Peer 1: 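Got a structure for you, questions after.
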Amino acid sequence: MSSVLVKQIFRDQNTYLNKTIKVSGWVRTIRVSKSFGFIELNDGSFFKNLQIVVDDTLDNFQQITKLPVSSAIIVEGELVESPGANQPFELKAKCIEIEGLSTSDYPLQKKRHSFEYLRTIAHLRPRSNAFSAVFRIRSLAAYAIHRFFQERNFVYVHTPIITGSDCEGAGEMFRVSTLDFENIPRDSEGKIDFSKDFFGKEANLTVSGQLEAETFCMAFRNVYTFGPTFRAENSNTPRHAAEFWMVEPEIAFANLEDDMILAEEMLKYLITYCLDNAPEEMEFFNKFIDKGLLDRLDNVVQSEFGYLTYTEAIDLLKKSPQKFDYPVEWGCDLQTEHERYLTEKVFKKPVFVTGYPKEIKAFYMRMNEDNRTVAAMDLLVPGIGEIIGGSQREERLELLEERMKEFQLEKEDYWWYLELRKYGGTRHAGFGLGFERAIMYLTGITNIRDVIPFPRTVKSAEF
RNA sequence: UCCUCGAUAGCUCAACGGUAGAGCACCCGGCUGUUAACCGGGUGGUUGUUGGUUCGAAUCCAACUCGGGGAGCCA
């Protein structure tokens with residue numbers, strides 16, 4: 001007899017009810033009396049457990065009742081309606097085979113553990129309810145990203161993880177090198193001789209696939225990247241990791257408005273997909289992690305996102321009755337407290353801020369008519385802050401070169417990027433979505449370390 | 001990197017200058033429909049590390065390590 005997945009049983013119970021079936025999984029908990037007992041079995045396919053009823057007609061009943069938590073077993077029995085209130089059906093075991101024993105010092109107990117503790121046992125935490133839910137959502141969300149773009153004929157580009165161009169100034173980078181640290185080659189000026197290194201030049205882990213994505217954008221029109229990204233910043237916050245995943249679409253013949261429409265549709269698609277395909281997990285988050293989660297997500301899906309310009313935002317903040325620690329002045333970057341005020345207090349939903357002063361944004365962003373702001377947008381969401389940053393790209397070669405000069409960037413280092421403007425460059429735009437921040441927003445989990453299977457952060461790369 | 005709070009049993013916490021405790025977990029026993037099952041008993045500690053103050057330190061002080069929260073940087 002072949003095994004049935006617990007998810008199949010829950011989704012299609014009429015097919016299996018009153019039939020003899022076989023399931024396999026791990027013991028989450030056992031409750032026993034003298035001659036009968038209950039096992040909660042989780043087989044990994046589904047968030048919920050299947051209740052197994054055992055009694056002393058089983059020839060290994062004594063052994064079964066003493067199984068340590070997390071033992072792996074194979075159960076054959078009849079699926080029947082359950083008289084208990086907490087489950088619609090249960091499996092009356094006829095035969096239980098022990099696949100793999102656990103031991104009584106198994107660290108996960110059947111009570112609530114702190115996220116801090118679970119982080120110290122990252123190899124076991126996917127077996128807990130919360131992380132089982134988080135990582136199934138992460139998987140579904142990744143799939144939803146691909147579906148969203150593929151349905152719209154976007155081409156998925158694998159931009160390089162190792163990059164030779166120190167582009168963008170998007171952040172501190174991790175160096176990639178095979179040089180012998182004990183014996184570093186030097187040139188005649190005493191500087192490190194990277195011509196002796198593996199790539200014959202300095203190389204780093206990517207901080208963004210955007211510049212490479214733009215090359216494919218000019219060939220495939222609409223493209224996206226989805227992969228790991230690295231920042232070597234000494235950030236110690238619940239929202240930053242050294243290794244994280246980013247989604248970066250890039251669209252041709254498009255302006256900033258098209259970019260924002262795409263971002264809004266993508267986020268709504270992502271939320272809807274997870275609500276539709278993992279209702280049990282989403283209910284769990286709503287019940288145990290963040291009581292207002294489902295209401296908030298529903299609100300996001302239903303409502304139009306807010307829009308305002310940076311200049312309007314500054315005016316709003318200046319008129320605000322709320323006192324801020326940092327002064328508000330046109331030309332300054334918005335502080336976290338300002339962003340939170342806008343998205344949490346004023347709009348109470350996701351809000352796009354556009355048209356930032358050129359001095360505080362990257363060189364590739366398109367100059368506006370006023371010659372002092374650029375066509376940039378940040379999407380701010382309640383509880384997380386900035387979740388998306390994007391812009392229309394500067395397609396006018398002279399203006400782009402001028403901006404690079406202001407940023408003291410060498411034209412030669414960006415020769416291929418500049419050629420995109422030379423050979424039939426078009427209006428184009430794109431954005432970056434922090435995948436983990438999206439997962440945090442979807443689940444209500446407040447620490448990025450708890451939405452990454454094995455998080456890498458400052459002073460931490462265990463597992 | 002800065003500010004701030006914390007570290008006591010496997011886990012979550014109490015004890016706040018005078019013999020280190022509870023709940024859960026775990027072990028033993030009981031229980032014929034449990035739901036973080038229940039009832040009875042038991043095991044379990046160099047109080048993060050190092051140094052200092054004191055007759056006496058989990059408790060006061062200092063440094064370090066690690067962790068939480070806030071800020072900066074950003075996604």
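Quick note on labels: first sequence line is chain A, next is B, and so on, each numbered from 1. Model, not experiment: these values are computed from the prediction.
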Peer 1: When we call it a touch if two heavy atoms are under 4.0 Å apart, what does A/Phe288 touch: a base, just sugar-phosphate, or nothing?
Peer 2: nothing
Peer 1: Looking at RNA chain B, which of residues 74-88 of chain A put a heavy atom within less than 4.0 Å of it?
Peer 2: A/Ser82, A/Pro83, A/Gly84, A/Ala85, A/Asn86, A/Gln87
Peer 1: Distance check, P atoms only: B/rU49 and B/rC11, in whole angstrom units.
Peer 2: 14 Å
Peer 1: Which ring pair (Phe, Tyr, Trp, His ring centres under 6.0 Å) pairs, counting each pair once, include a residue from residues 81-122 of chain A, with sequence neighbours left out?
Peer 2: A/Phe10-A/Phe89, A/His113-A/Tyr117, A/Phe115-A/Phe131
Peer 1: Take N1-N3 plus N6-O4 or O6-N4 for Watson-Crick, N1-O2 plus O6-N3 for G-U, both under 3.5 Å. Which runs of 3 or more such pairs involve RNA chain B?
Peer 2: B:1-7 with B:65-71, B:10-13 with B:21-24, B:26-30 with B:38-42, B:48-52 with B:60-64
Peer 1: Please compare A/Glu339 and A/Ile30 by the position of their nearest nucleotide in RNA chain B and report the one closer to 5'.
Peer 2: A/Ile30
Peer 1: Sugar-phosphate means primed atoms, P, OP1 and OP2; the rest is base. With that split, encode nucleotides 6-12 of chain B 5' to 3' as B, S or - using protein heavy atoms under 4.0 Å.
Peer 2: ----BBS
Peer 1: What distance, rounded to whole Å, do you find between the two C1' atoms, one in B/rU47 and one in B/rC60?
Peer 2: 15 Å
Peer 1: Please enumerate all residues that pass ring-ring contact (aromatic ring centres under 6.0 Å, His included) together with A/His158, with sequence neighbours excluded.
Peer 2: A/Tyr156
Peer 1: In whole Å, what separates the C1' atom of B/rG72 from that of B/rA25?
Peer 2: 42 Å
Peer 1: Just to be sure I understand the geometry, which residues of residues 444-463 of chain A put a non-hydrogen atom under 4.0 Å away from RNA chain B?
Peer 2: A/Asn447, A/Ile448, A/Arg449, A/Lys459
Peer 1: With A/Phe226, which of A/Phe149, A/Trp245, A/Phe154 fulfils ring pair (Phe, Tyr, Trp, His ring centres under 6.0 Å)?
Peer 2: A/Trp245
Peer 1: Keeping A/Tyr310 on the side-chain end and A/Gly331 on the backbone end, is there a donor-acceptor pair under 3.5 Å?
Peer 2: yes
Peer 1: What interatomic distance, in whole Å, is found between P of B/rC27 and the corresponding atom of B/rU34?
Peer 2: 23 Å
Peer 1: Looking at RNA chain B, which of residues 42-57 of chain A put a heavy atom within less than 4.0 Å of it?
Peer 2: A/Gln51
Peer 1: Can A/Phe244 be called stacked on B/rA75 when the rule is centres closer than 5.5 Å and an angle between planes below 30°?
Peer 2: yes
Peer 1: Pick the nucleotide of RNA chain B nearest each of A/His240 and A/Lys92; which residue has the one closer to the 5' end?
Peer 2: A/Lys92
Peer 1: If you measure from the P atom in B/rC61 to the same atom in B/rG6, how many Å do you get, rounded?
Peer 2: 11 Å
Peer 1: Quick check: closest heavy atoms across A/Thr120 and A/Phe463, and the distance to 0.1 Å?
Peer 2: O-CZ, 3.4 Å
Peer 1: Classify the side chain of A/Glu90 versus the base of B/rG33 as yes if they form a donor-acceptor pair under 3.5 Å and no if they do not.
Peer 2: yes
Peer 1: Supply the atom-to-atom distance A/Ser391 OG to A/His428 NE2, rounded to the nearest 0.5 angstrom.
Peer 2: 8.5 Å
Peer 1: Atom pairs, N/O to N/O, protein against nucleotides 26-31 of chain B, distance under 3.5 Å?
Peer 2:
| unit_1 | atom_1 | unit_2 | atom_2 | d |
| --- | --- | --- | --- | --- |
| B/rC31 | OP1 | A/Lys34 | NZ | 3.3 |
| B/rC31 | N4 | A/Val32 | O | 3.3 |

Peer 1: Please determine which of A/Arg449, A/Arg138, A/Arg239 meets the salt bridge (charged side-chain N to carboxylate O under 4.0 Å, His left out) test together with A/Glu436.
Peer 2: A/Arg138
Peer 1: Restricting to nitrogen or oxygen on both sides, can you table the protein-nucleotides 3-5 of chain B pairs closer than 3.5 Å?
Peer 2:
none

Peer 1: Look up atom CE in A/Met367 and atom NZ in A/Lys361, then write down how far apart they are to the nearest 0.5 Å.
Peer 2: 14.0 Å
Peer 1: Please report the distance separating the P of B/rA20 from the corresponding atom of B/rC3, rounded so that it comes out in whole Å.
Peer 2: 37 Å
Peer 1: Return the CG to CZ distance between A/Leu293 and A/Phe284, rounded to the nearest 0.5 Å.
Peer 2: 12.0 Å
Peer 1: Contact class for A/Thr120 vs. all strands (heavy atom < 4.0 Å): base, sugar-phosphate, or nothing?
Peer 2: nothing
Peer 1: Which residues in residues 430-443 of chain A have at least one heavy atom lying under 4.0 Å from any atom of RNA chain B?
Peer 2: A/Gly432, A/Gly434, A/Arg437
Peer 1: Using the C1' atoms only, state how far B/rU32 lies from B/rG42, rounded to an integer number of Å.
Peer 2: 27 Å
Peer 1: Please report the distance separating the C1' of B/rU43 from the corresponding atom of B/rG10, rounded so that it comes out in whole Å.
Peer 2: 13 Å
Peer 1: Strictly under 3.5 Å: I want the nitrogen or oxygen pairs between protein and nucleotides 41-47 of chain B, one per line.
Peer 2:
none

Peer 1: What pairs with A/Ser128 under side-chain hydrogen bond (donor to acceptor under 3.5 Å, both in side chains), at least two apart in sequence or on another chain?
Peer 2: none
